[in-house]
**Student:** 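Dropping a structure here in structure tokens format, bear with me for questions.
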Amino acid sequence: MAVIFAMAGSAIGLGNIWRFPYIVGEHGGAAFVLIYIVSTLLISMPVFVAEVSVGRRSRTSAYGALGRLSPGKWIWKAMGLLTVFIPLMIASYYSVIGGWSVNYLIKACSLSFLSQSPDEVTGMFGTFISSSWTPLVFHMLFLAACCMVVAGGVKSGIEKFSKLTIPMLFVLVLVILVYSVTLPGASVGVNYLLKPDFSQLTPRTFAYALGQSFYSLSLGMGCIITYGSYVSSKENILASSAGTAVSDLLFAILAGFAIMPAVFAAGIEPGAGPGLIFQSIPFIFTKMGMQLPLVSTVVSVLFFLTIVVAAMTSCISLVEVGVAYLWDRYSIRRPVGSLIIFMLCGLAGVLCSLSFGPLSSLTVGGKCIFDLFDWFASNILLLLAAFAVVVFVGFVMKKEDVWDEVTNSGAFKVNVKLFNLLYFLIKWVAPVALTLIFITNFIY
Ligand code: PHE
């Protein structure tokens, strides 16, 4: 059961709180949210089931899973390697944002949103991320904390941590939501999320919605396969996948309603990009602080605490893929494996962190190193890896084996029609959708 908390912990993260609101803002609000919901239910959720099934059936980490289920085929081994590489790439820049969140948590605790004007607080973000040392130190601290939990093991480290933090996250986001929607001017933000404007839809909207949904559910990067390998043989895969997908979706929507009204109340552009929450939210806290300093301080601490905790449980799942690989492949023990991953991602993260400061002129195709890591991992590699998994489950694994996994060899009653629909979605709909997004990412 606890592994489900770990999966939800992996899914719920910066993708929901930091990425989702700004992508919604860049793609026109409610219409995007609708497409996001449909893609999650029709495509991402079946892919989630496919990844958990592959993990549990192979009982090995992402690296060896496909290879073990289809021995002797080099392509599945290669895909396995890809699913180890992607999370490491994501962990490198993800922990940079994790570091920003820790820094902002400390700012909230030390009342720095109260001692400056709202405009100074908004501007503070740019100054902070473009400095060299401070973001680096926080990036390392954040990554070290995640690696320590992973070194502690799956049961006593990851599962315990997630079991405690996931319910806490929901409570925290609800508190912030209530606060945010009652701000003056918040109703524009609420409407922005509720009233769809379909005239703004383009093929890119679909591509970003599905891409975001995959990212948010940690698909296509080995995390769910690896966690799937820890799922007990008694667990109902369908129920736990649906549970995780729905909680992640719910959390994203709650986060949207917690953040967008505040963005509008602050008069900030919803399409302001990655800095959105680090600029708009502190702005609100500063303004509120002028009248209600205590409330503002409490809510700001809770807000950044939510982000730090959510980011940690996700980053932990990224690190776990590498550590599980080192153990399965080279029998390297968890503490040493965690240290190796810490050094690798820490070093790559230095480049990502500095790409907002001293290395900002180093760009490829107009993208700095940080953006390049995010774009390449989430828009290219992730799609490839997810494609490999669905093709594997749809065309290489026998349909009876998938049925066997989903029903626990007949122990659970699963409606045959429902299963056939799920299988069809995995085998045909998901690969076609993934191919279309892949193409769209290049054309548009
Ligand atoms: N799903 C996580 C989030 O929403 C991010 C993540 C991506 C975690 C990939 C693991 C793997 O923030």
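Counting begins at 1 with the first residue of the sequence. Indexing begins at 1, ligand by ligand and atom by atom, following the structure's order. These numbers were taken from a predicted model, which means no experiment stands behind them. Just so you know, these numbers use all the heavy atoms, side chains as well, and skip hydrogens, waters and symmetry mates.
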**Student:** Using a 4.0 Å cut-off to any heavy atom of Ser317, which atoms of ligand 1 qualify?
**Tutor:** 10 (C)

**Student:** In ligand 1, which numbered atoms sit nearer than 4.0 Å to a non-hydrogen atom of Asn16?
**Tutor:** 4 (O)

**Student:** Answer side chain, backbone, both or neither: which part of Cys223 comes under 4.0 Å from ligand 1, heavy atoms only.
**Tutor:** side chain

**Student:** Got the closest protein heavy atom to atom 4 (O) of ligand 1, with its distance?
**Tutor:** Ala11 O, 2.8 Å

**Student:** For the residue pair Tyr192 and Phe264, is the inter-centroid distance of their aromatic rings smaller than 6.0 Å?
**Tutor:** yes

**Student:** Give the ring-plane orientation class for Phe32 versus Tyr36, where under 30° counts as parallel, over 60° as perpendicular and anything between as tilted.
**Tutor:** parallel

**Student:** What atoms of ligand 1 come closer than 4.0 angstrom to any heavy atom of Tyr94?
**Tutor:** 2 (C), 3 (C), 5 (C), 12 (O)

**Student:** Please determine whether a side-chain nitrogen of the Lys or Arg among Asp374 and Arg19 lies less than 4.0 Å from a carboxylate oxygen of the Asp or Glu.
**Tutor:** yes

**Student:** With heavy-atom distances below 4.0 Å as the criterion, list the atoms of ligand 1 near Leu14.
**Tutor:** 12 (O)

**Student:** Is the shortest side-chain N to carboxylate O distance from Arg56 to Glu51 below 4.0 Å?
**Tutor:** no

**Student:** Does Met140 reach the side chain of Val96, with side-chain heavy atoms less than 4.5 Å apart?
**Tutor:** no

**Student:** Can you find an N or O of Gly15 that's nearer than 3.5 Å to an N or O of ligand 1?
**Tutor:** yes

**Student:** Looking at Ser10, which atoms of ligand 1 are within less than 4.0 Å of one of its heavy atoms?
**Tutor:** 1 (N), 2 (C), 8 (C), 10 (C)

**Student:** In the protein, which heavy atom is nearest to atom 6 (C) of ligand 1, and how far is it?
**Tutor:** Ser218 OG, 3.8 Å

**Student:** Within the 4.5 Å heavy-atom criterion, are Phe278 and Tyr104 side-chain neighbours or not?
**Tutor:** yes

**Student:** Do Lys160's NZ or CZ and the ring of Phe5 fall within the cation-pi criteria of under 6.0 Å and 45°?
**Tutor:** no

**Student:** So, do Phe395 and Trp428 have ring centers that fall under 6.0 Å from each other?
**Tutor:** yes

**Student:** Report yes if Ser216 has an N/O atom closer than 3.5 Å to an N/O atom of ligand 1; otherwise report no.
**Tutor:** yes

**Student:** Quick one: which ligand 1 atoms are inside 4.0 Å of a heavy atom on Leu318?
**Tutor:** 9 (C), 10 (C), 11 (C)

**Student:** Return a yes/no value for Met221: is any of its N or O atoms, backbone included, closer than 3.5 angstrom to an N or O of ligand 1?
**Tutor:** no

